[in-house]
Trainee: 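I am attaching a structure below and will ask some questions about it afterwards.
No hydrogens, no waters, no symmetry mates; every other heavy atom, side chains included, goes into these values. Just so we're clear, the structure is a prediction, and the values are computed from it rather than from any experiment.
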Amino acid sequence: MGRDREIAALRAAVARPPAIVLVEGEAGIGKSRLLREWLATPDQGTALVSVCPPLRESLTLGPIVDAFRGIDGPVSRLRLTDLAGALRPLFPEWSSDLPPALTPLGDAKAARHRLFRALDELLRALRVDVLVLEDAHWADEVTLEFLLFVTSRQQSGGPSLVISYRPEEVDDGSLLLRLTSRLPAGVTQLRIALAPMRPDDTAALVSSMLDGKPISQEFTTFMHERTGGVPLALEESVRLMCDRADLVFRDGQWVRLKLRELQVPPTVRDSTRERVGRLSPTAQQVLRAAATLAERSSLATIALTAGLSPHACRDAVAESAGAGVLDGDDRGRWRFRHVLAAMAVYEAIPLTDRRHFHLLAGRALEGTHPPPVARLAHHFREAGETQSWARYAEQSAELAMASGDHTKAVDLLVDLLSWSRLPPVDRARVARIAGVAALGRREPVDEVYHRVIRTLRSVLETPGLSARQQAEIRNPLGRLLITGGEAQAALRELEQAVANLDHDPVEAARAMTYLGWAYAGPWPASTHRRWLDRAAELTAEFESPAERLNLAGNRAAALLMLGEEEAWDVVADLPIDGTNSAERLDVARIHANVGTGALIWGRYADAEQHLDVALRLAEAEQASRLHHNVELEQANLAWLTGRWEGLAERSAALADADRDRPAHYLGSIRLAARLAAAAGRRRAAEEQFRLVLEESARLGAADDTMEAAAALARLWLTDGNSGRALQITNEPMDTVLTKGIWVWATDLVPARIEAHLAAGDLTAATRLGDQFARGLRGRTAPAPRAALAVCRALLVAAAGDHARAATAWNRAARAWNALPRPYDAMLARERQAEALIAQGQIEAQGQVAQGRELLAAQYEQLFRIGARGDADRVAQRLREHGAEVPRLWRGGRRGYGDQLSPRELDVVQLVVAGKTNREISRILAKSPATVDQQLRAAMRKLKVTSRTALAVKAVEAGVFAEEDSLSDPA
């Protein structure tokens, strides 16, 4: 009723193949009915039809396999190539008709592509005109990928596609959105969005159910208002009222009795439960079985699940179908007409009876060929049959991993480990597989990641595990902890694992390589180097090029972290692409790590090159987690090389994207802190650097503590607090001395030497400078060597020789510029100018003028790069030296920044620093209610609705310019 226009459009679209028709609408809106009406027409051609069942765990390619089972005639008569041998695992019942099985592929993505090609060949061999997939919102990811594959080949023939789905049940990350939003050119396209029925169509539908007699206007209005015009709700409500004799034919039309007293059930669930309750006990038993099975099932399967004889089941199904509850297809399979009705019946089953139904359903389905392993795992899980659940869950996980769906595999296995009592040997095996599956995921750190970490740690506490079993769990656990930023914990797990991995030299070498990374732990560089050398000895025996590349690339990146020159020999031979998906991802990770190492060394051109390769491959493989890693490092590169435009927004976006990955989240906060410090936003910078330092130390990421400690020391030295600057750098300096990795000390050593000098301890400063020079001996890392030039300039300046100091600062500035690292070069030039002015005041006024000119130039450059805080300091020094400050346009405060009060500004600064309302309340000594009120006021004035948007808009709008203007009225 009321769908004439839609069905005409559907027929017209399919008549112009190839076509893609999307039928969308909410539950009960009539999508399935529309397709049934269209399929019943004689001119619609050969169609394969399948429905995606609403299982808790959707079946990998299940809907596509089910569609093919509807074909008539033997497969042996089809002209199929050897490629069709890939179909044997999906259709074992055709084993005698299909070509021989193909050689297994090591790459799951390549295997999936081959399988898609074979399925497409089968569709074309069968001369299928239309492939219909109903309820695609419940489809598994691999099924949706196959549909995308079919659409990409439609221009060369192949079937039309008709797909129905509920938009409100499509997740943001679902491939269905890609299918519906990127329809290919050159094919007939139609989107049918089914809307609720209008009042006149509502009347027509209800009338058609009541012998075609008219209904009263009052009844029509009531039904339309109460059901919203949703056909399913209309049908169920009318059936319920008929069953309860609440309708009467009076004066030539149907009217309702007890209009005010009677409450029509507001949901389909209520009406379904009441209507089902009026059926015979046997029919109710059949409906409970059908609700448990949750998808189309044969009479035999329903009978076994219901515990009935075939004859009794047949009669009960007929009764249920007559009542309009069950719906059969031409293959004798039955299911509920509406999913909501099935859910209503299922939820009404008592828990103890529900377990029994699932047990019977599992036993019934075990007799089908091929066995539906995901469904079997689900039923035996709900039945509490641990052994059967475990067997089928592992099989289902293996299938999911083979098709590239590692997240589904993790969910299945972690669920098994969390809710079952397995013997220790089985528990260990399942945990190992779950860990390996988790390492194969490409998604960002999310709840799935955190859940598998918790589960693996829990399994390690299982009594009775052997040392080998524990090692096989600790190995993937340690690597997962690295991803989450728990560096110290990762090393502990890997060190325990490697001692018992002799049976698996590849995994042993991989664990040793990770132990060679110097990001955490108290070990000196020599210990990390020994691990890398042990891994290299094992790697030399490997025959697999992929394994050799993986271990050699990771070894090179680890050597870069240690400051070892030989790493660059390996880096020079790295490939920039791979032959398959797994290899491309590996190459991308290696280049990302090398790019990070190049940043530490100060080889910024190399860093840019390697990060570009990593980003290109990460994008191609849709590896979002790796993509975020590379974006963060590219933002760091932009900071170092003076490309600061838009960095505030990038740091805020990166913080949002990586909030669940502590190490990377802190990296984005560190970037924001750099910008705040350069801009003169002292409070925000100090809070953010403190957060980075404290959290990095807690996570055991020793290398990430260096810059934050140095930055805080510099901030406190401006206050004349040398004691505090020395204290904050004590622990990071001890780490450098203990580990002997001096390439980490680029920011730290100059700040600590300056603190020693400010404290009057020239001996300690000189000693540290000598240690730094010895630590860098034989190493060509440009950034640490430029920092060494800064240290020497500081020591020369402390001796009071202004001429030599000016020369030393000039040398340091040139070293920074050569990288290029312009911001640090400008700061060195500022010191050079001060030395020239001091020299001129003693020797010749010409040096004073030269110093003033150089200082003025640094003011302009610092101002233009965005270092307004430093520019204001230089402006103050120019005034003190009697020089005129160049007048530069500051651009004013844009947007609504002028309207922020000083108190609101304080709150916004701490929001930018990443503080919660409770932390802001403590810092500013305000009540939480006051903080909340001022935060809301600031968000309203800047026209934003979230904290992240507020931070970005605040920086963008220049609302902190007041701090700049305090020291520089010009």
Trainee: Roughly how far, to the nearest 0.5 Å, is CG of Leu399 from CG of Leu61?
Mentor: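 Here the interatomic distance stands at 10.0 Å.
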
Trainee: Below 4.0 angstrom, N of the basic side chain to O of the carboxylate: do Lys109 and Glu621 qualify?
Mentor: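 So Lys109 pairs with Glu621 through a salt bridge.
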
Trainee: Donor-acceptor pair, distance only, cut-off 3.5 Å: does the side chain of Gln470 make one with the backbone of Ala497?
Mentor: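 The answer is no, because no donor-acceptor pair under 3.5 Å joins these two groups.
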
Trainee: At their closest point, which heavy atom of Glu565 faces which heavy atom of Ala781, and how far apart are they?
Mentor: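 Closest approach of Glu565 to Ala781, heavy atoms only: OE2-N, 4.2 Å.
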
Trainee: Salt bridge between Arg117 and Glu121, side-chain N to carboxylate O under 4.0 Å?
Mentor: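 Salt bridge between Arg117 and Glu121, a charged N being under 4.0 Å from a carboxylate O: no.
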
Trainee: Side-chain contact, heavy-atom cut-off 4.5 Å: Val142 with Phe116?
Mentor: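 Heavy-atom side-chain distance check passes, below 4.5 Å.
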
Trainee: Please tell me whether Asp415 and Ser418 have a donor and an acceptor in their side chains that are separated by less than 3.5 angstrom.
Mentor: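 Note: Asp415 and Ser418 side chains miss the donor-acceptor criterion.
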
Trainee: How close do Thr60 and Ala400 get, heavy atom to heavy atom, and via which atoms?
Mentor: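 Closest pair (atom of Thr60, atom of Ala400, distance): OG1-CA, 4.4 Å.
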
Trainee: Does a salt bridge link Asp704 with Arg670, judged by any charged N lying under 4.0 Å from a carboxylate O?
Mentor: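 Result for this pair is yes, salt bridge flagged.
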
Trainee: Check this for me: Glu645, atom CD, are more than 12 non-hydrogen atoms of other residues, nucleotides or ligands nearer than 6.0 Å?
Mentor: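 Incorrect, the count does not exceed 12.
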
Trainee: Has Ser458 got a side-chain atom pairing as donor or acceptor with Arg454's backbone, closer than 3.5 angstrom?
Mentor: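 Checked: no pair found.
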
Trainee: Looking only at atom types and distance, does a side-chain atom of Tyr604 sit under 3.5 Å from a main-chain N or O of Arg821, one as donor and one as acceptor?
Mentor: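 Side chain of Tyr604 to backbone of Arg821: no pair is present.
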
Trainee: For the pair Arg698 and Glu695, find out whether any cationic side-chain nitrogen is under 4.0 Å from an anionic carboxylate oxygen.
Mentor: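 Yes.
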
Trainee: How far apart are the C-alpha atoms of Arg674 and Glu707, what are their side-chain angles, what is the distance that settles it, and do they pass the side-chain contact (heavy atoms from CB on, under 4.5 Å) test?
Mentor: CA-CA 10 Å; Arg674 293 167 178 164; Glu707 182 189 349; 2.6 Å; yes

Trainee: With a 4.5 Å cut-off on side-chain heavy atoms, are Leu559 and Arg529 touching?
Mentor: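 Yes, side chains in contact.
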
Trainee: Could you tell me the separation between the CZ atom of Phe149 and the CG atom of Leu119, rounded to the nearest 0.5 Å?
Mentor: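 These two atoms lie 9.0 Å from each other.
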
Trainee: Would you find a donor on one side and an acceptor on the other, under 3.5 Å apart, between the side chain of Lys739 and the backbone of Trp523?
Mentor: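 Yes: the side chain of Lys739 pairs with the backbone of Trp523.
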
Trainee: Using every non-hydrogen atom in the two residues, find where Leu83 and Ala118 come nearest and quote the distance to one decimal.
Mentor: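 Heavy atoms of Leu83 and Ala118 come nearest at O-CB, 3.6 Å.
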
Trainee: His528 side chain to Leu515 main-chain N or O, any donor-acceptor pair under 3.5 Å?
Mentor: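 Yes, the answer is positive, given that a donor and an acceptor are paired below the 3.5 Å cut-off.
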
Trainee: Should the heavy atoms of other residues, nucleotides or ligands under 6.0 Å from CG of Leu177 be counted, would the total exceed 12?
Mentor: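 Atom CG in Leu177 is crowded, with more than 12 foreign heavy atoms closer than 6.0 Å.
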
Trainee: Applying side chain to side chain contact (heavy atoms under 4.5 Å, CB included) between Asn475 and each of Glu507, Arg510, Glu493, Gln496, report the one that passes.
Mentor: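 The single option meeting the side chain to side chain contact (heavy atoms under 4.5 Å, CB included) with Asn475 is Glu507.
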
Trainee: Between the side chain of Arg427 and the main-chain N/O of Leu422, is any donor-acceptor distance below 3.5 Å?
Mentor: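 Judged by distance alone, no pair lies under 3.5 Å.
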
Trainee: For Arg441 and Thr407, does a side-chain donor sit closer than 3.5 Å to a side-chain acceptor?
Mentor: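 Checked: Arg441/Thr407 side chains pair up, N/O donor to acceptor below 3.5 Å.
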
Trainee: Nearest 0.5 angstrom please: Leu501 CG to Asp504 CG, how far?
Mentor: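 Reported to 0.5 Å precision, the distance equals 6.5 Å.
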
Trainee: Could you walk me through whether Met512 and Leu494 satisfy the side-chain contact (heavy atoms from CB on, under 4.5 Å) test, starting with their C-alpha distance in whole Å, then the side-chain angles of each, then the deciding distance to 0.1 Å, before giving a yes or no?
Mentor: CA-CA 8 Å; Met512 291 174 186; Leu494 290 168; over 6 Å; no

Trainee: Under 4.0 Å between a side-chain nitrogen and a carboxylate oxygen: does that hold for Arg530 and Asp533?
Mentor: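 Judged by the 4.0 Å cut-off on N to carboxylate O distance, Arg530 and Asp533 do not form a salt bridge.
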
Trainee: Give a yes or no answer on whether the side chain of Ser396 reaches the backbone of Tyr392 with a donor-acceptor pair at less than 3.5 Å.
Mentor: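 No; judged by distance alone, with no hydrogens or angles, the pair does not exist.
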
Trainee: Which pair of non-hydrogen atoms, one from Val459 and one from Ala431, has the smallest distance, and what is that distance?
Mentor: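 So the minimum-distance heavy-atom pair works out to CG1-CB, 3.7 Å.
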
Trainee: With a 3.5 Å cut-off and no angle check, do the side chains of Asn636 and Glu633 form a donor-acceptor pair?
Mentor: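 Looking only at side-chain atoms, Glu633 and Asn636 do form a donor-acceptor pair, the distance falling under 3.5 Å.
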
Trainee: Taking all heavy atoms of Leu626 and all of Ala592, pick out the closest pair and write down the distance.
Mentor: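 Heavy atoms only, the tightest pair is CD1-CB, 4.1 Å.
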
Trainee: So do Leu562 and Trp517 actually touch side chain to side chain, heavy atoms under 4.5 Å?
Mentor: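 The answer is no; the side chains never approach within 4.5 Å.
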
Trainee: With side chains defined as the heavy atoms from C-beta onward, is the minimum distance between Arg555 and Trp531 less than 4.5 Å?
Mentor: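 Answer no - side chains too far apart.
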
Trainee: Hey, are the side chains of Val613 and Leu617 touching, using non-hydrogen atoms and a 4.5 Å cut-off?
Mentor: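 Touching, per the 4.5 Å side-chain cut-off.
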
Trainee: Give a yes or no answer on whether the side chain of Asn550 reaches the backbone of Ala546 with a donor-acceptor pair at less than 3.5 Å.
Mentor: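 Here the side-chain-to-backbone pair does not exist.
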
Trainee: What heavy-atom pair brings Ala397 and Leu412 nearest, and what distance separates the two atoms?
Mentor: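 Taking Ala397 first and Leu412 second, the nearest heavy atoms are N-CD1, 3.8 Å.
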
Trainee: Would you check, one step at a time, whether the test side-chain contact (heavy atoms from CB on, under 4.5 Å) holds for Val436 with Ile433?
Mentor: CA-CA 5 Å; Val436 172; Ile433 298 172; 5.8 Å; no

Trainee: Take Gln609 and Asp612 through the test side chain to side chain donor-acceptor pair (under 3.5 Å) and record every step on the way to the result.
Mentor: CA-CA 5 Å; Gln609 174 187 347; Asp612 285 345; over 6 Å; no

Trainee: With a 4.5 Å limit on heavy-atom distance, are the side chains of Glu141 and Ser174 in contact?
Mentor: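 In contact.
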
Trainee: Do Leu585 and Val587 come close enough that some side-chain heavy atom pair is under 4.5 Å?
Mentor: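 No; the side chains remain at least 4.5 Å from each other.
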
Trainee: Taking Thr455 for the side chain and Arg451 for the main chain, is one N or O donor matched with an acceptor at less than 3.5 Å?
Mentor: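 Answer holds: yes.
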
Trainee: From Asn580 CG over to Asp107 CG, what is the distance, rounded to the nearest 0.5 angstrom?
Mentor: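 CG of Asp107 is found 4.0 Å from CG of Asn580.
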
Trainee: What verdict does the side-chain contact (heavy atoms from CB on, under 4.5 Å) test give for Trp568 and Leu560, after you've listed the backbone C-alpha separation in whole Å, the side-chain angles of each residue and the deciding distance to 0.1 Å?
Mentor: CA-CA 8 Å; Trp568 294 106; Leu560 288 178; 3.4 Å; yes

Trainee: Before you tell me yes or no, could you show the steps for Arg650 and Glu631 under salt bridge (Lys or Arg N to Asp or Glu O under 4.0 Å), namely the whole-Å CA-CA distance, both residues' side-chain angles and the distance that decides it to 0.1 Å?
Mentor: CA-CA 9 Å; Arg650 287 171 69 181; Glu631 283 186 320; over 6 Å; no

Trainee: Hey, what do you get for CD1 (Ile590) to NE2 (His610), rounding to the nearest 0.5 Å?
Mentor: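 It is 11.5 Å, given to the nearest 0.5 Å.
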
Trainee: Going from CG on Leu480 to CZ on Arg474, what distance comes out if it is rounded to the nearest 0.5 angstrom?
Mentor: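 Result: 14.0 Å between the selected atoms.
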
Trainee: Examine the side chains of His113 and Glu145 and answer whether a donor and an acceptor come within less than 3.5 Å of each other.
Mentor: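 Side-chain D/A pair, His113 to Glu145: absent.
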
Trainee: Would you indicate whether the side-chain heavy atoms of Leu538 and Leu551 approach each other to under 4.5 Å?
Mentor: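 The answer is no; the side chains never approach within 4.5 Å.
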
Trainee: Return yes if some donor-acceptor pair links the side-chain N/O of Arg548 with the main-chain N/O of Phe542 below 3.5 Å, else return no.
Mentor: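 Flag set: sc Arg548 to bb Phe542 pair under 3.5 Å.
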
